[in-house]
Every structure is written in C-alpha cells, then in structure tokens.
Amino acid sequence: MKNKVFIFDTTLRDGEQVPGCQLNTIEKIQVAKSLDALGVDIIEAGFPISSPGDLKSIQELSKVITRPVICALSRAIKEDIDAAVESLQFAKRKRIHTFISSSDVHIKYQFKSTREKIMEQGIEAVKYAKKFAEDVEFSAMDAGRSDNAFLAKFIESAIKAGATTVNIPDTTGYCLPDEFGTKIKYLFENVKGIDRVIVSIHCHNDLGLATANSIAAVQNGARQIEVTVNGVGERAGNTSLEEAVMILKTREDLHATTNINTKKIYATSRLVSQLMRIPVQANKAIVGRNAFAHSSGIHQNGILKNRLNYEVMDPKDVGIKTSSLILTARSGRSALRHHLDRLGYKVSQKKLDETYQKFLVLADKKKDINDEDLRILMGDTNGKKGLVLSLLEVVCGFPLKPMATVKLQVNGKEIVATSHGNGPIDASFNAINDIVKKQADLEEFLIQAITKGSDDIGKVHIQLKHKGNIYYGFGADTDIVVASVKAYLNGLNKLI
Ligand code: KIV
Ligand code: ZN
C-alpha cells in the first residue's frame, strides 16, 4: 500500500512574497483554480495581516474554490490569527497556520527572547487558533537549524495544544538531505502523539537542496510537502511542486502517492510563470523548455530507438505532448533522418549522407536548425522562403499612440502594413498579423538583457500556439522592438 502524501501549495503565499510577483485578486483566483484542477490538497492563499488586499483576496478566493482546504498564515500573535479568521470566513474547508521560530539564532537575534518564552507564545497561538478552526497547522520556523531535543519538546506541546499538522521548515535551506531526514526520524521517535497528526515539511532552496530534503523527509515519515509551482518563493525559492510530485510518481520504490493530476503540471507552470512574470529556466527539471529536448547525437539516436534510453518520465505525464530532438551541430544522422521523415522527405542512405554534410556546415554557423532550413538543404525552396523582414519603422513616445509599419517578403513578394498598438512591439506584431492574417496566439513573451547597460543586446523568446502546437521563436538585437519582431517572425516561419 502506498502512503498518501498531501500537497500543500504555497505559491500564493511564500511564492507571492517575491518582489515583482504580486498578483491581483483575479490572478490569484486564476492560479487557485488551476491548483484546484491540478489536485493540490491545501492552498495557502496568503498572509492576511500583511495587507487588507491580501485578506480580501483570500475571502474572494474562498468563495470560488471549495474542494481544497484554504489556509491562511499568521504569526503567533492574536491580531494575526484574528485576521486569518476573518480572511477564512467564507472558506468551506479552512486551516489556520501559525508559526514562530524554534532556532536559537532566531530566538536570540530576531526575537531577542528565550526558548521558554517563545515556546509559550507558540503554544498560546495554537490554543487561540483552535477556538476558530479544527484544522490548525503549527510551524517551527527555522526548524532546520534548531536543536532537535528542543524542537521535539516544542512540537509535542503544539500537538497537545491542538495542532493537527506540525510543519518542520528548513527556512534557510541549510540542511543536507541525510541530516533533514534524520531530524524527521528523531521527531517520530521522540515526540509523544506525533502519530495522531500530519508531519509536514517546508524546504527552501538556498543550497539547491529543497526537493532533496523534502524527499528525505518523506522517506522518514513526513506526509505533507509544502511546495510552490516552478519552485518560486523567497530568495532561491521553495521545493517545486512539479519536482516533488514527479519524484514520488516516478520512484515507485518510495511507496508514496499524491492526489495530483500530473497531466496538468505543464499548463499550471505556464500560467504561474506568465502571471508572476518569472520565466522558467530552460533547464528546469520537469517544466523547463529543455526538460524533454535532446540535442546530442548519441542521446537522439538512443531516444529514437527507445524513449526509455534517456527519459525517466513520459513527457505526456506532465502535459507536454512529446519530447523533441533539437537539431544542432551535435546531432547525428538518425535525428536528421527523423526530422526529414517528419517533413515528408524519404531519403536514401546516400542522400542522407550528403545532406548531413551540408547540415553540419550550416549547423556550425547557425545554432538551431529549423524546418525551413531543412527544406532549403533539401533544395526544396519551392519558391518560398517564408517571412523575411525588409523594413520596420516605428513611431512612439508620449503622448503618441504607437504605430508601426512593417514590410515583409512573403514567399518572395513584398507586402507592407501599418498598424497601431498599446506599445511599439504590439503595433509591430499587429502590422505583421495584418500581413499574415493572424496565424497564431502569443503564449509567452520574454525579453532578456545580456549585460545591464542601456546599449545592451536584447534577447527575445516567444512561444506561439497554433492548432494545439507550440512554436518557439527567438530574436536578438540592440533594439528590443527589432528583436521582438525577429522572434515573432522566427516563430511564424516555423509554423508556416
Ligand atoms: O520558510 C518558512 O519557515 C515559512 C514559514 C512561515 C512556514 O515560510
Ligand atoms: Zn517559507
């Protein structure tokens, strides 16, 4: 029998604390609906004492989201708990989460107090919260750096006071997996009543160990993991939902299961990234752009023989249609043949060898070889070279309405269009859409600067959605409007 591990999502609380990631109420509800569909057990929706807006958002969210438990955070202070109670008044299933530190470093330098006084404050908070909710979670902040004997005493008292979940945070991301696992084991062996409650963990990623520590805790009896989507959160972030869940699914030898519908992971990741404006790093496990993209010749060859050679998960299981074989100078003949086949070219071994030599020359010059490049390599230009930018002229500034004129070579024919937009990029894209009769929806748009100067090269990444498929476009230029237009055309050329 597998052990059920509860997934407590704190994207809307610990994740939303990140500067620049604040969400409005509508966006929070959008994320919460997605988390609900994903199957998370508990949604930590905010820290109500922190602002009236946060309190109101929890109220609004609780009216719409009724399946998962809605949790509100409070320090071990009456006013905080009162605010949590107010925020949860419409919640169908509610949890009050109260916390105070248990490490000597926090007790001494942050609270300027003593272990005894802090413990008393924590216990009083649990008792007070218990007057308003049956479901009360107690967190011993910085438990990762706390003395195990004191932590055990504290947790035991919190359970006696009525806590139904006890959370052991590695607040500073300091612990090593073995050490953190041993801490959980120690608590199971030394805390009376611990088998009556859910033991939770909440790990931060300062040393890149948040997920590893969470899994070590599960191996030692923890039954709730606190996570955020894409691992967003304070500093280096929190344990990422997708990593924790997919580890438990993939490693059946852990004998643990969650309620998560993993096929919805990718869509949720995209939504959170877009709304919080935090791009997901390309090599992020599970949800990064390259998580299922194979580029070395040996790996591509292995994948084509059997996916299991280089993939421990099926991309479909996380909601990604298929793995991809990226054509670069490292690719071998088997990947080239695969893509030629896909485009409808059935080639002999001799033709493949010839094309491969030309492909290598091109791939050395151009990092990423697309379908259009392959068609040209096959001598099949068919008179069409896709969309080529001949001119971009933009008028913008205050108080002007941005306007762009774009001249494109479309299959060798020149077409011009002028359009307005909310900004110069929007106006340019609208002009292109007028020419190509809007082919795709813009799913993601990301501008990155390489250095920090105002004369920097801007890199633009976009994702276009067309008939359920995603097409990636890239452009770089010192002018971000030009870089954006190049990225848009790059994406459109792939789908056209
Ligand atoms: O990191 C932490 O300790 C927290 C607590 C409030 C649980 O976020
Ligand atoms: Zn935290």
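In listed order, ligands and their atoms are each counted from 1.
- In this structure, K78 forms a cation-pi arrangement with Y128, its terminal cationic atom sitting closer than 6.0 Å to the ring centre and no more than 45° off the ring axis.
- Between H204 and H202, the ring planes are tilted. Angles from 30° to 60° get that label.
- Side-chain contact check for T25 and E60: no donor-acceptor pair (N or O, by modelled atom type) lies under 3.5 Å.
- The nearest heavy-atom contact from the protein to atom 7 (C) of ligand 1 is S139 OG, 3.7 Å.
- For ligand 1, the atoms closer than 4.0 angstrom to any heavy atom of H204 are 1 (O).
- At least one N/O/S atom of D14, from backbone or side chain, sits under 2.8 Å from the Zn ion (ligand 2).
- Using modelled atom types and a 3.5 Å distance limit, the side chains of S146 and S103 yield no donor-acceptor pair.
- Within the structure, the closest approach of R13 to ligand 1 falls below 4.0 Å when heavy atoms are considered.
- A cation-pi arrangement, defined by a distance under 6.0 Å to the six-membered ring centre and an angle within 45 degrees of its axis, is present between K63 and F90.
- Counting the atoms of ligand 1 from 1 in the order shown, those under 4.0 Å from a heavy atom of M141 are 3 (O).
- The side-chain heavy atoms of V318 and E242, taken from C-beta on, include no pair separated by under 4.5 Å.
- Residue-ligand proximity, P169 to ligand 1, at heavy-atom distances under 4.0 Å covers atoms 3 (O).
- Below 4.0 Å from some heavy atom of T171 lie the following atoms of ligand 1, by number and element: 1 (O), 2 (C), 3 (O).
- Polar contact with ligand 1: present for D14 (N/O pair, distance under 3.5 Å).
- Summarising the geometry, atom CD1 belonging to I425 is positioned 3.5 Å from atom OG belonging to S484; distances are rounded to the nearest 0.5 Å.
- Among all non-hydrogen protein atoms, the one lying nearest atom 4 (C) of ligand 1 is H202 NE2, 3.4 Å.
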